[in-house]
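The next block holds one structure in the form of structure tokens; read it before the comments.
Hydrogens, waters and symmetry mates play no part in the numbers below; they use all other heavy atoms, side chains included. Numbers restart at 1 for each chain; the letters A, B, ... are given by sequence-line order, proteins then strands.
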Protein chains: 2
Amino acid sequence: MFEKYVKILKEKSLKITPQRIEILKYLDEHRTHPTVDEIYSELKVNNPSLSKTTVYNSLEILKEHKIIQSININGNESRYDFKNTMHHHFKCRKCGRIIDIDIACPNINKVLSEGHKIEEVHGYFKGICSECMEKEKRRG
Amino acid sequence: MFEKYVKILKEKSLKITPQRIEILKYLDEHRTHPTVDEIYSELKVNNPSLSKTTVYNSLEILKEHKIIQSININGNESRYDFKNTMHHHFKCRKCGRIIDIDIACPNINKVLSEGHKIEEVHGYFKGICSECMEKEKRRG
DNA sequence: GTGGCTGCAAATCATTTGCATATAC
DNA sequence: GTATATGCAAATGATTTGCAGCCAC
């Protein structure tokens, strides 16, 4: 079922290559905000000639066309997200998971009222997720 | 007037070294969110034997003790901020400035209500600042 | 006096670049 | 057929690490 990804690429008039399809498919099926290396290592299994450069190039062009988005909550490595609508992220320092946070901030209007033009908003929350908090409680 | 910085370090029981004082002073007097390299290059003028490793080490320990905070709005380089209270940042893609944004988001409580423990919040806004918007208007 | 700090050089790691070949259209 | 994408290797740049000597306390 590559149709879905072919369609996405076609809509943006992007060339349809197997690598781009595989990367899109991977991101769609792994909503865990994977790193470039995770994507590369996983896809290399079924396509040993895959180059990391191609992964970088493809992610960049997909991002430029707003098909995917990148997040950088650690500061040292980019992660990619198939979900392209505005939302935020929470990183748990216990389990390492990055969880989607779907809240809006009504006060953003204050920034707009000062005359700034906002094109992107990234909200990064860090702490301990609810599951890890539960585990800690149970242990006592 | 090093008293201010000596006091800050003493309060956290950190060793008082000339390098730490100079770094703190630089950050206090340059609220432009400088990079490690900017801090290093500037301080090296008056202290040629200064090492970039020391700048990294000092910033790290100051950050650990919550005397300063780091921001990473670009993804490729850390910047440092003398202001240690919670606030957000706006990066202008025209002039490159990083501007402090002092808004609170009341909806954060929704995240807390889901059981997550939030320890840090970073809000990164990107776009065009009010000054650059004005300039564009004037040009027509 | 001693443990932590500084400074130097080398290592690491994500990302970028240059370029020859391959492929989508 | 041609412009664009891929893949490889080398380069880059921020940050980290190892370690010897130095200095704050």
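A distance-only check finds no donor-acceptor pair linking the side chain of Glu29(B) to the backbone of Tyr26(B) [under 3.5 Å].
Between the CG atom of Asn74(A) and the P atom of dA14(D) there is a distance of 19 Å, given to the nearest Å. At whole-Å resolution of the value, CG in Leu59(B) and P in dA14(D) are 15 Å apart. Between Tyr56(A) atom OH and dA10(D) atom P there is a gap of 18 Å when expressed in whole angstrom units. Following rounding to the nearest Å, Asn76(B) (CG) and dT15(D) (C1') show an atom-to-atom distance of 12 Å. Nucleotide dA14(D) holds its C1' atom 8 Å from the NZ atom of Lys52(B), rounded to whole Å.
Salt bridge annotation for Glu119(B)-Lys117(B): present, with a cationic side-chain nitrogen under 4.0 angstrom from a carboxylate oxygen. Note on Lys4(B) versus Asp28(B): salt bridge recorded, some NZ/NE/NH1/NH2 to OD/OE distance being below 4.0 Å. The residues Lys137(B) and Glu134(B) are annotated as salt-bridged, a charged nitrogen and a carboxylate oxygen being separated by less than 4.0 angstrom. Contact check on Lys7(B) versus Glu3(B) returns no salt bridge, with no Lys/Arg side-chain nitrogen under 4.0 Å from an Asp/Glu carboxylate oxygen.
Tested against Ser70(B), the residues Lys63(B), Glu60(B), His33(B), Arg79(B) include a single side-chain hydrogen bond (donor to acceptor under 3.5 Å, both in side chains) partner, Lys63(B).
Contacts between residues 5-42 of chain B and DNA chain C, defined by a heavy-atom separation under 4.0 Å, are made by Lys15(B), Thr17(B), Gln19(B), Arg20(B).
When the shell of 6.0 Å around CD of Glu77(A) is examined, it contains more than 12 heavy atoms from other residues, nucleotides or ligands.
The ring-ring contact (aromatic ring centres under 6.0 Å, His included) contacts involving residues 35-59 of chain B comprise nothing, where partners must be two or more places apart or lie in separate chains.
Distances were taken from every side-chain heavy atom of Thr53(A) (C-beta onward) to each of dT16(D), dT6(D), dG7(D); the shortest belongs to dG7(D).
In the 5' to 3' direction, nucleotides of DNA chain C lying under 4.0 Å from heavy atoms of chain A begin and end at dA14(C) to dC25(C).
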